[in-house]
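To keep things clear, I will list the structure first and then write my remarks on it.
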Amino acid sequence: MATTTQARSGAVLITGAAGGIGAATAHRLDASGFQVFAGVRRSSDGEKLQRDISARITPVLLDITDPVSVAQAVETVTRVIGNAGLVGLVNNAGIIVEGPVELVPIEEVRKQFEVNVIGHIAVTQAFLPLLRKTRGRIINVGAPTGLVSIPYLGVLSASKAALESVTDALRSELRPWGISVSIVEPAATQTEIFQKSAAAAQQAREQVPGELMQLYAPALAAVAKASASQSLENPDVVVAAIVQALTSRRPKTRYFAGRGLRMIAVLRLLPDRTRDGLLLRALGLANAQPIS
Ligand SMILES: NC(=O)c1ccc[n+]([C@@H]2O[C@H](COP(=O)([O-])OP(=O)(O)OC[C@H]3O[C@@H](n4cnc5c(N)ncnc54)[C@H](OP(=O)(O)O)[C@@H]3O)[C@@H](O)[C@H]2O)c1
């Protein structure tokens with residue numbers, strides 16, 4: 001185990017804290033006595049956090065895909081905390097690029113990786129000097145899709161799988177400095193991420209030729225029906241796992257947050273075609289016929 005430090009105060013940076021899991025985490029950590037730096041992309045979102053959650057929260061303008069923004073965020077945080085360092089970095093920002101791999105415009109594929117993978121690496125690199133000062137902790141927010149690739153969410157799954165991989169390597173690489181690295185795998189959770197991704201997919205599909213869209217229409221209808229029927233967790237379930245990773249004496253490497261995730265471990269052990277069949281059945285596509 002990397003460290004036995006049990007921080008319950010000190011400075012923490014959360015990326016993607018404008019809403020959803022990030023804002024809920026900011027709320028909980030602020031209430032617990034941490035000094036919270038909340039990464040937001042618009043100053044109006046920072047003002048909203050201070051107004052609605054706590055005036056103690058320090059918003060930090062941070063687009064994790066923009067190197068200048070990342071460098072400025074380091075300066076902003078350093079200016080406030082001086083030599084004290086960070087006790088935690090929660091790499092939470094994320095987007096979902098949805099749809100069959102064939103239909104996702106390649107710039108959307110790049111965007112998925114820029115936000116869900118490269119942005120987290122950039123932020124981690126930039127803030128490691130501050131984390132090293134306190135033997136701080138890194139908590140990456142992954143997803144079960146990183147452990148089992150879900151059809152029609154293949155691009156998202158690939159990005160989250162890459163984040164799993166980076167997390168595993170960092171855990172060993174940062175051990176010499178006592179910096180623990182955990183990944184939290186939220187079950188489907190009630191946030192705006194799904195509405196945002198549906199709107200982005202709708203827009204992206206305007207670039208896709210109609211005849212190609214037609215080929216996927218039955219599958220997309222089935223997937224939409226299956227996702228509409230999934231039950232969603234409260235973000236507090238994920239927040240509890242993030243807090244555990246940040247504060248427990250012996251942080252786990254991986255936290256599953258929400259119901260139904262034991263299935264993931266089972267699915268990973270199954271032969272590929274058996275797993276494919278189960279996933280297609282769950283999406284209502286078990287009996288789909290070949291399209292010519
Ligand atoms: N909700 C779920 O069911 C679920 C399940 C598994 C994993 N997760 C993961 O949980 C994390 C939080 O998601 P959420 O559900 O809370 O969704 P959310 O409410 O949409 O929050 C995502 C946050 O990421 C921010 N973000 C997007 N692109 C960014 C960028 N380039 N730079 C900085 N911030 C950026 C968003 O900011 P803007 O508001 O400015 O766009 C937003 O604040 C994500 O990593 C997601 O993959 C969620």
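Quick caveat: nothing in here was measured; it's all calculated off a predicted structure. Read the numbers this way: they start at 1 and go in the same order the structure lists the ligands and their atoms.
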Tracing side-chain links under 4.5 Å among I, L, V, M, F, W and Y, which residues wind up in one group with Phe194? Ile96, Leu147, Val148, Ile150, Leu153, Leu156, Ile193, Leu232, Phe256, Leu261, Met263, Ile264, Leu267, Leu270, Leu278, Leu279

Shortest heavy-atom approach to [atom] - which of [options]:
atom	options	result
atom 26 (N) of ligand 1	Ala38, Ala93, Ala188	Ala93
atom 14 (P) of ligand 1	Leu232, Thr25, Thr191	Thr191
atom 31 (N) of ligand 1	Ile193, Ile95, Asp63	Asp63
atom 16 (O) of ligand 1	Ile21, Thr15, Leu163	Ile21
atom 42 (C) of ligand 1	Arg41, Glu192, Lys196	Lys196

Between [X] and [Y], is there a donor-acceptor pair closer than 3.5 Å when you use the side chain of the first and the backbone of the second?
X	Y	answer
Asn116	Ile95	yes
Asn92	Gly16	yes
Glu185	Tyr255	no
Ser69	Asp63	yes
Gln112	Val97	yes

If two hydrophobic side chains count as joined below 4.5 Å and joins carry through other members, does Val68 share a cluster with Val40? no

Any link between Leu62 and Val80 through a network of hydrophobic side chains (Ile, Leu, Val, Met, Phe, Trp, Tyr) touching at under 4.5 Å? yes

Under 4.0 Å from a heavy atom of [X]: give me the atoms of ligand 1 that qualify, with their elements.
X	result
Phe194	2 (C), 3 (O)
Val115	28 (N), 31 (N)
Arg42	38 (P), 39 (O), 40 (O)
Ala143	6 (C), 7 (C)
Leu62	32 (N), 33 (C)
Lys160	45 (O), 46 (C), 47 (O)
Gly20	16 (O), 19 (O)

Answer with yes or no whether [X] contacts ligand 1, where contact means a heavy atom under 4.0 Å from a ligand atom.
X	result
Gly39	no
Val141	yes
Gly142	yes
Glu114	no
Ala187	yes

Salt-bridge contact Asp45-Lys48 (side-chain N to carboxylate O under 4.0 Å): no

Less than 3.5 Å between some nitrogen or oxygen of [X] and one of ligand 1, yes or no?
X	result
Gly94	yes
Ile64	yes
Pro144	no

Closest protein heavy atom to [atom], given as residue, atom name and distance to 0.1 Å:
atom	result
atom 6 (C) of ligand 1	Pro186 O, 3.3 Å
atom 23 (C) of ligand 1	Gly16 O, 3.5 Å
atom 3 (O) of ligand 1	Thr189 N, 2.7 Å
atom 11 (C) of ligand 1	Asn92 O, 3.0 Å

To the nearest 0.5 angstrom, please state how far the OG1 atom of Thr134 sits from the CH2 atom of Trp177. 14.5 Å

Mind checking the CD1-CG spacing from Ile14 to Leu29? Nearest 0.5 Å is all I need. 5.0 Å

Heavy atoms of other groups near Glu107 CD, more than 12 under 6.0 Å: yes

Is it true that, when you exclude Arg262 itself, more than 12 heavy atoms of the residues, nucleotides or ligands shown sit nearer than 6.0 Å to its CZ? no

Could you report the tightest heavy-atom contact between Leu89 and Val123, atom names first, then the distance? CD1-CG1, 3.9 Å

